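Okay, structure first, notes after.
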Amino acid sequence: MTEIQNTAQTIATTYDARKIENEIYKFWEDNKVFTADANSSKLPYSIVIPPPNVTGVLHMGHALDGTLQDILVRYHRMLGYEALWLPGCDHAGIATQNVIEKNLAKDGLTRHSLGKEKFLEKTWTWANEHKDRILEQFKLLGASFDMSRKRFTLDKGCCDAVKKVFVDLYNKGLIYKGSYIVNWCPRCQSAISDIETNYETQDGHLWEISYALKDEMGAIVIATTRPETMFGDVAVAVNPTDFKYKDLIGKYCVMPLTGRTIPIIADDYVDKSFGTGALKITPAHDPNDFEVGKRHNLEQIKVIDEKGCMMRNEYVPPQLQGLTREEARKKTVEMLELNQVLVRVTDHVHNVGKCQRCNTTIEPLLSTQWFVKMKPLAKPAIEAVKKGDIKFIPQRWEKNYLMWLENIRDWCISRQLWWGHQIPAYYKNDTGEMVVALENPDPANYTQDTDVLDTWFSSGLWPFETMGWPDVNAADFKKFYPTNTLVTGFDIIFFWVVRMITMGLEFTGKAPFSTVFIHGLIRDEHGQKMSKSKGNTIDPVDLIEKYGCDALRFTLTSLCTYGGQDIKISDEKFEYGRNFANKIWNASRFVLMNLTEKSYNLQLDLENLSLADKWILNELNNVIKIVNDNLKNYRIGEVAGILYEFFWNKYCSWYIELSKIEKNEKVLLYVLEKFLRLLHPIMPHITEAIWQKIPVQKNQIGILKCDYPQYCGNFVFEAESKQMEFVFESIKSLRNLRAEFNIPLGLKINIFIDNNEKLFKNISTYLSVLAKVSKVEYTKTADIAKSAVCVVEDTKIIVPLEDLIDIKQELVRQNKKLDKLDNEFKSIVSRLNNSNFVKNAPKEVIDKTNDRKLQIENEMLLVKDIIKKLS
RNA sequence: GGGCGUUUAGCUCAGUUGGUAGAGCGCUUCCCUUACAAGGAAGAUGUCGGGAGUUCGAGCCUCUCAACGCCCACCA
């Protein structure tokens, strides 16, 4: 009895995932094994995390995204790269400010009643408290973060980077300030960008309103979905080719309710067939009208304010002033009706812009904002993908990316919030003269712009601002930038990926990563997006508690497809990973329990390998090759499947079972150890835990630092593998036969074989244990009248059954088999008889078909022979 | 309006250069065989959405139709 056996026997039969996972993660942390060395001579491999919001709690999306990143990082670490996974958080401007404001509202406060200074103080306190929470949760996933490099988008380094980028872009003329129509959220009290606006289909109306012609009889009828904006009208537009209105172009009309006079103009933009063919132009409250207004040098009249209420000015009738947009619409319609200028109302379905953050209806509003000129920045970003400097996986996302960039519009980057990077523009207190600079030129006389930048402005710099940039000599920047792979969901390609690529190319001259690995979104079991309001969320922390982190990781990984399809999950699906973990645990327990001291090393004695040993080594070697190929090509789901299949159905079901009969401890251990390494990136804890228990001299602190297994020519045993497959087929056939004839397990059987005498002699002990065969005899003349027969390739396995056999049943069984063979035979023959097939098909295919034909022919002969003898 | 995706066993889905279909779950029968009942053995189940085409050969390529889903655009 050895010391190790004692140890192994104390291992519980059911895998206690949480206990072991916590121990193992602590072991890694205590030994600081995730800290990357910028001075290492190894090749770098780096990934920056898509920084989760400080407001966030871990959700399934993070779990998937984090697992995939961790797999890549751990794999490359084992391949011998200096691997860095850089963690951090995003300050998440609007999202965070909304959370704080909501908290204030509970106490009846607003940010304005609190004041900017106090509000920011409160927000910082909150952010500091929450900043580490989500990263701590990521650790529950087994994330091999380098926490020594943890970053936050509002830390000093990021602020410096943001300021430098802003100032440089401004000096290059790529940032400008101007009065344009923007998407305004009346609730957030801020401008938002185009992609932060979501459109929602709503039932509405189309109101047709009559505008009287000036100085003559008649009127022109316009159609609008937003009558309340009419007070900002500056023209009525018609299509220049519209016969109906040809004579009115250049004339004037008088607006109802206010009596203001506006011109009738012609513009191609107007669709003759929509509505009445006449369109009111409101440049201050509609993006299209804004463009029309610019073309015709029209005035811009603002009638709705930043809160979404009617303004108090000369254009808005007094009874409407101060009303909300919704109230004003109702009232305007009433007034129009009263004045008998409302010609017609029809139902009309249209799209309404909503704020991505708070779902408030967007007000297109004329406003002075900061913009980034995107066209010049987009050009190199397009090139980088077209040239292949950056590759998307799956590739189809490239099209999406290119189409968006090719049609890109300027990016509104200023937000009227308090929480974020304040814009580094300073205005002279007396003259208002503006200076854009890294620092305030003269704090006594200059005041900084109060706007802050879009959150995505700072996260767009993430891959290099976290590496020490703008100091281009920073060790991390030199070693780990550009990063290798960016892992994220498709939902933030435009928000984030595009910005990182454009900014990275502009400021570092290099693409920030070479591969963008896009995965699907996690959905609930019905395919619905998970959301708190729907109440269909699954909490990854709950899953980890219930099934274990490795189980969660394994299940998620196995559900990933190369096409990056969305992933539907339900609680029960994680039993798959948990069961696998338990299987690994118990198989390892078996191996460790059966190890004797002479096998306390991982060296194989290649001279003394059995058929089974060679088979499993050959299988392992193939798996090693396929797994490496797939990992390199981001086919990670495939890897999970291959490792599961190998371990469960090859190693456990056959090799361990065979080893109970005839054992090669060294091979048993060798294969297990290699398997643990192969699986480690996906299931890091259990593989580490078991590896630590293997009683051999180790030159690494943990499995995470071990080399990843590589294909080796010494372990190619194809012929032996084929033989083993034949053995398995034989055993399976005999088991099947036993089941069909209800032969109790306790009853051993004798068999006769008419071929492969030597092989069967060799494996008689296997047959004895695995198919309960007591005696194997070779004969060409067995009497099969009272026997059941299995035909396995070129061999008849004859099982004399005496009174256990029902001849009729056996005849049915054999005929069924013959039918099956005959079907395949016919199809093969018809193919081979087809001269075009023989002429056109490649030689290998024809050879293979011929081989198969011979094999089937042979089997059919054997089966026919049996049938003849039985009848 | 433009683009993309999906449609394969009862359910959830794989299927990588075209060579007569796979997994997990579920189901049926049997087994607590000393690693594992979160287990073991045996088994059943599919005109691969419809149609046409290319090909010796199509789940896979082309066209077309249908259903569902997503993204972009925003005719007021």
Side-chain angles (χ1 to χ4, degrees), chain A residues 8 11 13-15 194-195 199 206-207 222-226 229 237 269-271 273-276 278-282 286-289 348 350-353 394 396-397 399-400 403-404 407 490-491 493-494 520-521 525 527 529 547 551 555 558-559 561-570 572-573 575-576 578-594 629-630 633 635 637-638 641 644-645 652-653 656-657 660 732 735-740 742 744-746 769-770 772 823-824 827-828 830-832 834-842 844-846 848-849:
Chain A
I11 303 174
T13 59
T14 300
Y15 176 53
D194 294 338
I195 49 175
Y199 287 88
L206 196 60
W207 284 275
I222 57 93
T224 180
T225 55
R226 299 196 57 196
T229 63
Y269 165 70
V270 183
D271 180 350
S273 61
F274 188 90
T276 60
L279 170 64
K280 70 188 208 48
I281 300 298
T282 323
D286 182 283
N288 292 307
D289 292 8
H348 180 64
H350 61 144
N351 288 330
V352 177
R396 66 188 151 89
W397 291 109
K399 189 168 183 177
N400 220 271
M403 267 173 50
W404 196 72
N407 297 297
F490 58 80
D491 50 334
I493 291 178
F494 301 150
L521 264 34
E525 54 192 316
K529 228 174 178 170
Y547 299 106
T555 298
S558 71
L559 294 173
T561 63
Y562 185 65
Q565 302 304 331
D566 286 353
I567 296 168
K568 281 190 235 175
I569 61 163
S570 59
E572 312 84 64
K573 279 194 175 174
E575 289 174 6
Y576 179 62
R578 180 204 54 186
N579 293 355
F580 189 42
N582 198 51
K583 188 77 178 177
I584 295 166
W585 185 253
N586 281 295
S588 303
R589 216 161 57 83
F590 173 84
V591 173
L592 295 182
M593 280 194 301
N594 283 284
D629 287 350
N630 280 302
N633 291 302
R635 294 174 183 271
E638 201 93 335
Y644 181 94
E645 152 73 18
C652 291
S653 294
I656 284 187
E657 291 309 315
K660 290 175 184 172
K732 280 198 272 189
R735 283 171 170 175
N736 169 283
L737 188 147
R738 294 188 80 104
E740 289 217 19
N742 290 317
L745 268 175
V769 177
L770 299 176
K772 309 288 177 203
N823 273 339
E824 196 184 344
S827 126
I828 285 184
S830 84
R831 246 192 298 169
L832 286 169
N834 184 333
S835 58
N836 283 323
F837 173 71
V838 182
K839 203 164 62 192
N840 295 321
E844 311 93 76
V845 175
I846 294 175
K848 220 174 115 189
T849 313

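Quantities reported herein were computed from a predicted structural model and do not represent experimental measurements. Every chain is numbered from 1 and lettered A, B, ... according to where its sequence line falls, protein lines coming before strand lines.
Comparing the P positions of B:U20 and B:G53 gives a spacing of 24 Å, expressed to the nearest Å. Annotation: B:A23 and B:G40 have their P atoms spaced 15 Å apart (nearest Å). Nucleotides B:C36 and B:U47, compared at atom C1', are 42 Å apart to the nearest Å. When the P atom is used for both B:C60 and B:U54, the distance is 15 Å, rounded to whole Å. Here, B:U29 and B:C48 have their P atoms 31 Å apart, quoted to the whole Å. Distance check on atom C1': B:C25 versus B:A38 gives 14 Å, rounded to whole Å. Only the P atoms considered, B:G59 is 11 Å distant from B:G50, to the nearest whole Å. A gap of 26 Å separates the P atoms of B:C65 and B:G18, to the nearest Å.
Atom CZ in A:Arg578 sits about 5 Å away from atom C1' in B:A38, given to the nearest Å. Atom CZ in A:Arg396 sits roughly 10 Å away from atom C1' in B:U6 (whole-Å rounding). For the pair A:Asn594 CG and B:C36 P, the interatomic distance rounds to 12 Å; values are reported in whole Å. One atom, CG of A:Asn586, and another, P of B:A38, lie 11 Å apart when rounded to the nearest Å. Rounded to an integer number of Å, the gap from A:Asn582 CG to B:G40 P is 11 Å. Distance, A:Phe494 CZ to B:C71 C1': 7 Å, rounded to whole Å. Spacing between atom CG of A:Leu770 and atom C1' of B:A42 amounts to 15 Å, rounded to whole angstrom units. One interatomic measurement links the two molecules: CD1 of A:Ile584 to C1' of B:C36, which rounds to 12 Å at whole-angstrom precision.
With a cut-off of 3.5 Å on both Watson-Crick or G-U wobble distances, the partner of B:U28 is given as B:A42. The base-pairing partner of B:C61, taking Watson-Crick or G-U wobble contacts with both distances under 3.5 Å, is B:G53. B:G1 and B:C72 make up a base pair, with Watson-Crick or G-U wobble contacts both under 3.5 Å. Using N1 to N3 plus N6-O4 or O6-N4 for Watson-Crick, or N1-O2 and O6-N3 for G-U wobble, each under 3.5 Å, B:A66 pairs with B:U7.
Ring to ring, A:Tyr199 and A:His350 are not that close: their centroids are 6.0 angstrom or more apart.
For a distance-only test at 3.5 Å, the side chain of A:Lys660 qualifies as a donor-acceptor partner of the base of B:A35.
In summary, the side chains of A:Asn586 and A:Arg589 do present a donor paired with an acceptor at a separation below 3.5 Å, with no hydrogens or angles considered. If you check the side chains of A:Thr282 and A:Lys280, you find a donor sitting under 3.5 Å from an acceptor.
For the pair A:Gly520 and A:Phe490, the tightest heavy-atom approach, listed with the atom from each and the gap, is CA-CE2, 4.4 Å.
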Run the side chain to side chain contact (heavy atoms under 4.5 Å, CB included) test on A:Ile493 and A:Asn400 for me, step by step, so that the C-alpha distance in whole Å, both residues' side-chain angles and the decisive distance to 0.1 Å come before the verdict. CA-CA 9 Å; A:Ile493 291 178; A:Asn400 220 271; 5.6 Å; no
Report the C-alpha distance between A:Asn834 and A:Lys839 in whole Å, list the side-chain angles of each, state the deciding distance to 0.1 Å, and finish with yes or no for side chain to side chain contact (heavy atoms under 4.5 Å, CB included). CA-CA 9 Å; A:Asn834 184 333; A:Lys839 203 164 62 192; over 6 Å; no
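You'll find that the side chain of A:Lys583 is closest to B:G40, out of B:C70, B:G40, B:C72. Residue A:Ile828 has its side chain nearest to B:U20 when only B:U20, B:A38, B:A73 are considered. Comparing B:A76, B:C4, B:G43 against the side chain of A:His348 picks out B:A76 as the nearest. Checked against B:G3, B:C36, B:A41, the side chain of A:Ser653 finds its nearest nucleotide in B:A41.
Contact annotation for A:Arg735: backbone-only contact, meaning every heavy-atom pair under 4.0 Å involves sugar-phosphate atoms and none involves a base. At a threshold of 4.0 angstrom between heavy atoms, the contacts of A:Val270 include nucleobase atoms, whether or not backbone atoms are also involved. Counting any heavy atom pair closer than 4.0 Å across all strands shown, A:Glu657 reaches a base atom. Using a 4.0 Å heavy-atom cutoff across all strands shown, A:Asn351 reaches at least one base atom of the nucleic acid. A:Asp271 comes within contact range of at least one nucleobase, with a heavy-atom separation under 4.0 Å. Looking at heavy-atom distances under 4.0 Å, A:Lys839 makes no contact with the nucleic acid at all.
Remark: side-chain polar atoms of A:Asn630 are not paired, donor with acceptor, to backbone N or O of A:Glu638 under 3.5 angstrom.
Distances shown here put a side-chain N or O of A:Asn736 below 4.0 Å from the OP1 or OP2 atom of B:G43.
Comparing A:Tyr269 and A:Ala739 by the nucleotide of RNA chain B whose heavy atom lies nearest to each, the residue mapping closer to the 5' end is A:Ala739. In this structure, A:Ile656 and A:Lys399 both approach RNA chain B, and ranking their closest nucleotides by distance from the 5' end singles out A:Lys399.
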For each nucleotide in nucleotides 11-19 of chain B, reading 5' to 3', give B when a protein heavy atom comes within less than 4.0 Å of its base, S when such contact involves only the sugar-phosphate, and - otherwise. -SSS-B--B
Report, as a single string ordered 5' to 3', how protein heavy atoms within less than 4.0 Å touch nucleotides 24-32 of chain B: B base, S sugar-phosphate only, - not at all. S--------
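Geometrically, A:Arg831 engages A:Phe837 in a cation-pi contact defined by less than 6.0 Å to the ring centre and at most 45° from the axis. Taking the ring centre of A:Phe590 as origin, the terminal cationic atom of A:Lys660 falls inside the region bounded by 6.0 Å and 45° from the ring axis.
A side-chain contact (heavy atoms from CB on, under 4.5 Å) with A:Pro842 holds for exactly one of A:Asn840, A:Ile846, A:Val845; it is A:Val845.
The aromatic rings of A:Phe274 and A:His348 stand perpendicular to each other, their planes meeting at an angle above 60°, with 30° marking the opposite boundary.
The structure places CG of A:Leu521 at 9.0 Å from CD1 of A:Ile567, a figure rounded to the nearest 0.5 Å.
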